[in-house]
Amino acid sequence: DAGVTQSPTHLIKTRGQQVTLRCSPKSGHDTVSWYQQALGQGPQFIFQYYEEEERQRGNFPDRFSGHQFPNYSSELNVNALLLGDSALYLCASSSNLYEQYFGPGTRLTVT
Amino acid sequence: AQRVTQPEKLLSVFKGAPVELKCNYSYSGSPELFWYVQYSRQRLQLLLRHISRESIKGFTADLNKGETSFHLKKPFAQEEDSAMYYCALSDSGNEKLTFGTGTRLTIIP
């Protein structure tokens with residue numbers, strides 16, 4: 001089991017564009033959470049998906065949206081990119097009541 | 001609102017010396033507390049959670065509800081302990097995690 005995988009590893013976008021990040025959970029996990037980690041900060045919770053629905057959301061604008069597929073993989077979409085969206089985006093997967101396992105992250109740079 | 005504070009951004013300790021990484025939190029209910037660690041070029045991983053009361057890699061952390069603290073301790077530092085450490089809390093084990101800003105621990109040989 002490769003654990004949680006994320007793609008792409010790195011991404012460069014221009015302000016105003018849209019981006020889609022992908023996450024495959026660890027085998028046996030059904031819950032996916034997304035976090036944004038700005039430079040020098042701890043990860044900040046964006047939202048969590050379970051049974052293909054958004055179960056909980058952090059303090060992020062509607063420009064941030066997501067999706068979970070029947071195979072439990074997930075996408076994070078960010079519209080109208082701002083310079084401040086430049087960060088490491090982490091995906092974490094879990095199975096009910098157990099610890100969250102993190103992926104390696106996608107480094108997004110907005111120019 | 002829930003908040004996690006790690007007052008030290010950087011901490012350097014000599015090998016063999018005791019280590020203490022501080023974590024304070026504010027939360028109105030009964031949170032679950034965690035320590036996550038990120039070694040160089042590795043992904044973020046769980047080190048320990050207060051509910052399991054385990055000692056992992058020689059590290060322990062005691063939840064002090066009176067002082068709202070969850071400090072991470074190890075009696076004798078080892079070089080492989082050099083890493084970034086994050087304290088985090090959640091409503092329950094599988095809910096959103098609120099992280100502190102992290103402490104970079106460097107063990108001096």
Side-chain angles (χ1 to χ4, degrees), chain A residues 1-7 9-10 23-26 28-51 54-60 64 66 68 72 76 87-107, chain B residues 1-11 21-27 29 31-54 56 61 70 72 83-105:
Chain A
D1 180 19
V4 179
T5 60
Q6 293 186 242
S7 62
T9 306
H10 297 90
C23 171
S24 290
K26 184 177 168 63
H29 286 184
D30 56 9
T31 303
V32 173
S33 302
W34 287 93
Y35 294 82
Q36 180 195 66
Q37 186 172 19
L39 202 60
Q41 301 295 316
Q44 272 197 290
F45 177 80
I46 303 174
F47 41 54
Q48 183 181 81
Y49 277 84
Y50 173 70
E51 292 189 341
E54 184 181 290
R55 179 158 72 176
Q56 200 168 5
R57 189 178 181 93
N59 190 25
F60 278 80
F64 289 77
Q68 186 179 35
Y72 308 120
L76 163 66
L88 181 69
Y89 288 85
L90 297 170
C91 170
S93 73
S94 57
S95 181
N96 196 30
L97 300 181
Y98 288 91
E99 72 176 86
Q100 296 189 32
Y101 286 79
F102 283 82
T106 293
R107 172 75 61 189
Chain B
Q2 52 199 41
R3 186 184 184 95
V4 176
T5 302
Q6 294 179 252
E8 305 137 328
K9 276 198 177 297
L10 303 170
L11 182 65
L21 290 87
K22 292 184 168 53
C23 173
N24 290 89
Y25 67 91
S26 62
Y27 186 72
E32 187 163 354
L33 273 296
F34 306 82
W35 277 97
Y36 278 80
V37 62
Q38 187 166 28
Y39 301 102
S40 179
R41 288 189 286 279
Q42 293 188 26
R43 60 187 68 188
L44 197 60
Q45 59 186 284
L46 179 66
L47 179 62
L48 56 81
R49 58 198 300 177
H50 90 271
I51 200 167
S52 61
R53 304 184 69 82
E54 292 176 300
I56 307 293
F70 188 57
L72 184 68
M84 193 74 182
Y85 291 80
Y86 293 96
C87 181
L89 69 78
S90 76
D91 291 328
S92 67
N94 201 28
E95 297 300 323
K96 71 173 186 177
L97 290 167
T98 298
F99 285 88
T101 51
T103 298
R104 180 168 298 283
L105 175 65

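Note that this is a predicted model, so its numbers are computed, not measured.
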Grab the two heavy atoms, one from [X] and one from [Y], that are nearest each other, plus how far apart they are.
{"X": "A:Pro104", "Y": "B:Arg43", "value": "CD-NH2, 3.6 Å"}
{"X": "B:Leu97", "Y": "A:Phe45", "value": "O-CB, 4.0 Å"}
{"X": "B:Lys96", "Y": "A:Gln56", "value": "N-OE1, 3.7 Å"}

Legend entry - A:Gln37 portion near chain B, given a 4.5 angstrom heavy-atom threshold: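 Only the side chain of A:Gln37 comes within 4.5 Å of chain B.
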Inset, instruction - Name the region of A:Tyr35, side chain, backbone, both or neither, that has any atom closer than 4.5 Å to a heavy atom of chain B. - result: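 Side chain only.
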Inset, instruction - Just jot down the side chain to side chain contact (heavy atoms under 4.5 Å, CB included) partners of A:Thr106, sequence neighbours excluded, or say none. - result: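 Only A:Gln6, A:Pro8, A:Leu21 meet the side chain to side chain contact (heavy atoms under 4.5 Å, CB included) criterion with A:Thr106.
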Inset, instruction - Mark yes when over 12 heavy atoms from residues, nucleotides or ligands other than B:Arg104 sit less than 6.0 Å from its CZ; otherwise mark no. - result: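 Incorrect, the count does not exceed 12.
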Inset, instruction - Please check if atom OH in A:Tyr72 has more than 12 non-hydrogen atoms from other residues, nucleotides or ligands closer than 6.0 Å. - result: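 Check fails, neighbour count at 12 or below.
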Legend entry - Between CG on residue B:Leu46 and OH on residue A:Tyr101, distance to nearest 0.5 Å: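 The OH atom of A:Tyr101 is 8.0 Å from CG of B:Leu46, to the nearest 0.5 Å.
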Inset, instruction - Could you tell me which residues satisfy side-chain hydrogen bond (donor to acceptor under 3.5 Å, both in side chains) with B:Gln2, sequence neighbours excluded, listed by chain and number? - result: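 Residues passing side-chain hydrogen bond (donor to acceptor under 3.5 Å, both in side chains) with B:Gln2: B:Thr98.
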Inset, instruction - State, with a plain yes or no, whether a side-chain heavy atom of A:Pro43 is found less than 4.5 Å away from one of B:Tyr36. - result: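 No, side chains not in contact.
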